[in-house]
Peer 1: 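Can you keep this structure in mind? I'll have questions shortly.
We count residues from 1, following the sequence as given.
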Amino acid sequence: ADDTAYCWGTDSHGQLGKGPPANTTPVAVSGGNVFQSITAGFGAHTCAVVADGSALCWGRNEYGQVGDGSTDTRWTPVSVAGNLEFSSVSAKRNHTCGLAADGTIYCWGANTGGRLGNGSTRPSATPVKVLSVMPFGSVSAGNAHTCGLGIDRAVYCWGQNAMAFLPGDPRHDSPIPVNVAPELEFETLTSGGYHSCAIAVGGRAYCWGLAGHGQLGTAETEDCLGNRCRADPVWVAIDAAFTTITAGDEHTCALTDAGAAYCWGLNEHGQLGDGTQMTRAEARPVAGGLTFTALSAGNTHTCGLTADAAYCWGFNHFGQLGDGTKLNRSSPTRVQGGLRFQTIASGRKHSCAIDLQDVAYCWGENLDGQLGNPDVTVFRTAVPVWGDLRFGS
């Protein structure tokens with residue numbers, strides 16, 4: 001048995017669980033996917049890697065960011081074209097990138113500024129290979145750029161450069177990878193809306209790009225085409241060694257090896273989680289004294305995992321905090337449902353996570369199918385992604 005449920009007959013009230021009304025042949029309600037990792041875009045799409053290494057995506061797709069060869073909105077998960085085996089995927093506003101098992105990066109979707117890294121600026125609705133002879137260990141997509149961590153511990157970025165994501169003249173985009181800081185060695189990286197950050201060997205955090213609201217962790221900025229930015233990585237000055245870092249649209253958060261969370265940047269909705277709505281250009285501890293195992297910064301909210309629960313904070317008009325309300329929170333609030341998760345991802349108006357049984361859940365706005373559910377509504381608590389329900393009897 002493949003643990004897939006089938007229904008057939010009249011579907012006038014959705015009783016078949018999937019598809020248009022009046023189906024007269026069996027329709028699969030679920031495929032029993034075993035999810036390994038998940039990423040929530042800052043537009044309105046979501047992608048994940050399942051147990052066999054294939055990538056699934058769903059949601060808004062006008063630029064081909066779902067990667068199935070079409071530009072049609074996908075309300076439930078579809079396979080990314082190419083039969084590629086991925087170890088991780090990263091989605092942002094209108095494009096997605098994935099790290100293949102052999103260290104090659106593939107990207108798909110919008111390509112303004114060359115963010116797909118294949119030497120062109122043409123969009124692609126299927127994966128295209130990033131031009132690099134260097135194998136990568138990770139990839140992180142920004143809104144208009146992408147960065148990858150090479151196995152040589154160097155960070156390479158490509159795409160639109162108006163906010164100085166890349167070294168050199170901010171007027172020059174790059175459709176191929178450029179080494180951001182040849183003098184530094186890094187262990188992990190993240191790309192936000194219009195900035196990027198990385199943790200160097202030894203635990204120091206560095207950030208570069210747009211700096212208008214302190215998201216780089218420093219008040220020292222340069223002028224880049226009339227914008228406050230830094231074209232070179234700047235140290236986030238704090239006496240702490242970080243192991244994990246995550247960048248939102250205009251804020252950044254990081255985690256120490258002891259599980260202490262710090263955030264900095266724009267805070268108008270409480271996305272820094274320090275109990276205030278004061279924007280910070282310096283790292284501040286997240287309120288509550290929780291010990292986190294993972295963090296994910298979304299567009300204007302943040303989520304984190306502890307050993308026994310998920311917590312979110314920040315903007316909540318679309319239910320992306322998962323606490324059953326639409327109230328903004330300036331300190332961590334527990335995601336309802338009593339679920340325990342192994343990984344979590346924050347998008348723009350939604351969040352997603354994978355539980356301990358490898359089942360994917362999402363919550364928040366679903367106008368474009370970003371929750372993987374054909375019900376066009378707002379879910380303020382976690383609901384399973386369609387295609388991931390398991391049936392035993």
Peer 1: Check this for me: Arg60, atom CZ, are more than 12 non-hydrogen atoms of other residues, nucleotides or ligands nearer than 6.0 Å?
Peer 2: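 Open: at most 12 neighbouring heavy atoms sit under 6.0 Å from CZ of Arg60.
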
Peer 1: Ignoring hydrogens and angles, tell me if any N or O in the side chain of Thr302 forms a donor-acceptor pair with the backbone of Gln271 under 3.5 Å.
Peer 2: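 Indeed, once roles are kept as given, a pair shorter than 3.5 Å links the two residues.
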
Peer 1: Report yes or no: does Thr96 contribute a side-chain atom to a donor-acceptor pair with the main-chain N or O of Gln65 at less than 3.5 Å?
Peer 2: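 At least one qualifying donor-acceptor pair exists.
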
Peer 1: Using a distance-only test with no angle check, is there a side-chain donor-acceptor pair under 3.5 angstrom linking His213 and Glu250?
Peer 2: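 There is such a pair (donor and acceptor under 3.5 Å, judged by atom type) between the side chains of His213 and Glu250.
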
Peer 1: Between Thr256 (side chain only) and Ala260 (backbone N and O only), is there a donor and an acceptor less than 3.5 Å apart?
Peer 2: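 Here the side-chain-to-backbone pair exists.
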
Peer 1: Please list every donor-acceptor pair under 3.5 Å in which a side-chain atom of residues 46-57 meets a protein atom from a residue at least two apart or in another chain.
Peer 2:
residue: Thr46; atom: OG1; partner: His350; partner atom: NE2; Å: 2.8
residue: Thr46; atom: OG1; partner: Gln370; partner atom: O; Å: 2.7
residue: Asp52; atom: OD1; partner: Ser54; partner atom: N; Å: 3.0
residue: Asp52; atom: OD1; partner: Ser54; partner atom: OG; Å: 2.6

Peer 1: Checking Thr293 side chain against Ala307 main chain: does a donor-acceptor pair fall under 3.5 Å?
Peer 2: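 Checking the backbone N and O of Ala307 against the side chain of Thr293, no donor-acceptor pair under 3.5 Å is found.
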
Peer 1: Distance only, no hydrogens: is a donor on one side chain within 3.5 Å (strictly under) of an acceptor on the other, for Asn118 and Ser120?
Peer 2: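 A donor-acceptor contact under 3.5 Å links the two side chains.
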
Peer 1: Answer yes or no: is there a donor N or O on one side and an acceptor on the other, between the side chain of Asn267 and the main chain of Thr276, under 3.5 Å?
Peer 2: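 Flag set: sc Asn267 to bb Thr276 pair under 3.5 Å.
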
Peer 1: Hey, is the main chain of Leu321 close enough, under 3.5 Å, to the side chain of Asn316 for a donor-acceptor pair?
Peer 2: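 Present.
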
Peer 1: Could you verify whether a donor N or O on one side chain and an acceptor N or O on the other, from Thr39 and Ser90, lie under 3.5 Å apart?
Peer 2: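 Thr39 vs Ser90: no donor-acceptor pair found between side chains.
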
Peer 1: Are Arg329 and Asp323 packed together at the side-chain level, in the sense that at least one heavy-atom pair is separated by less than 4.5 angstrom?
Peer 2: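 In short, these two side chains touch, coming nearer than 4.5 Å.
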
Peer 1: Say whether, by atom type as modelled, one donor and one acceptor occur between the side chain of Glu220 and the main chain of Thr218 under 3.5 angstrom.
Peer 2: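 Answer holds: no.
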
Peer 1: Hydrogens and angles aside, do Ser351 and His301 bring a side-chain donor and acceptor to less than 3.5 Å of each other?
Peer 2: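 Indeed, the side chains of Ser351 and His301 share at least one donor-acceptor pair under 3.5 Å.
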
Peer 1: Using the ring-ring contact (aromatic ring centres under 6.0 Å, His included) rule, take Phe292 and Trp313 through it: C-alpha gap first, then chi angles, then the decisive distance, then the call.
Peer 2: CA-CA 14 Å; Phe292 290 98; Trp313 54 94; 5.7 Å; yes

Peer 1: Do Ser296 and Thr246 pass the side-chain hydrogen bond (donor to acceptor under 3.5 Å, both in side chains) test, and can you show the C-alpha distance, the side-chain angles, and the key distance before you say yes or no?
Peer 2: CA-CA 6 Å; Ser296 178; Thr246 176; 4.6 Å; no

Peer 1: Thr73 and His45: side-chain donor and acceptor closer than 3.5 Å?
Peer 2: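 Note: Thr73 and His45 side chains miss the donor-acceptor criterion.
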
Peer 1: Can you see which heavy atom on Arg115 is nearest to which on Trp158, and at what distance?
Peer 2: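 That would be O-NE1, 3.0 Å.
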
Peer 1: Just verifying a value: how many Å separate Met134 CE and Asn179 CG, rounded to the nearest 0.5 Å?
Peer 2: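 With rounding to 0.5 Å, CE (Met134) is 9.0 Å from CG (Asn179).
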
Peer 1: Is the shortest side-chain heavy-atom distance between Pro332 and Leu290 below 4.5 Å?
Peer 2: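 SC-SC contact between Pro332 and Leu290 confirmed.
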
Peer 1: If you draw a 6.0 Å radius around CZ in Phe315, do more than 12 non-hydrogen atoms from other residues or ligands fall strictly inside?
Peer 2: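 Yes, enclosed.
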
Peer 1: Main chain of Gly369, side chain of Arg74: is a donor-acceptor contact present, judged purely on distance under 3.5 Å?
Peer 2: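 It does not hold such a pair.
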
Peer 1: Within the structure provided, determine whether Asp274 and Ser331 are in side-chain contact (heavy-atom separation under 4.5 Å).
Peer 2: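 Of all side-chain heavy-atom pairs linking Ser331 with Asp274, none is under 4.5 Å.
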
Peer 1: Just wondering, do Cys207 and Trp235 contact through their side chains at under 4.5 Å, heavy atoms?
Peer 2: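 Counting from C-beta outward, Trp235 and Cys207 never come under 4.5 Å.
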
Peer 1: Asn143 side chain to Tyr194 main-chain N or O, any donor-acceptor pair under 3.5 Å?
Peer 2: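 No; judged by distance alone, with no hydrogens or angles, the pair does not exist.
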
Peer 1: Near Asn83 CG, under 6.0 Å, is it more than 12 heavy atoms from other residues, nucleotides or ligands?
Peer 2: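 Counting other residues, nucleotides and ligands, CG of Asn83 stays at 12 neighbours or fewer.
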
Peer 1: Are any side-chain N or O atoms of Lys92 and backbone N or O atoms of Cys97, one a donor and one an acceptor, separated by less than 3.5 Å?
Peer 2: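 Judged by distance alone, no pair lies under 3.5 Å.
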
Peer 1: List the steps, then state whether side-chain hydrogen bond (donor to acceptor under 3.5 Å, both in side chains) holds for Gln342 with Asp358.
Peer 2: CA-CA 8 Å; Gln342 57 180 298; Asp358 302 323; 2.8 Å; yes

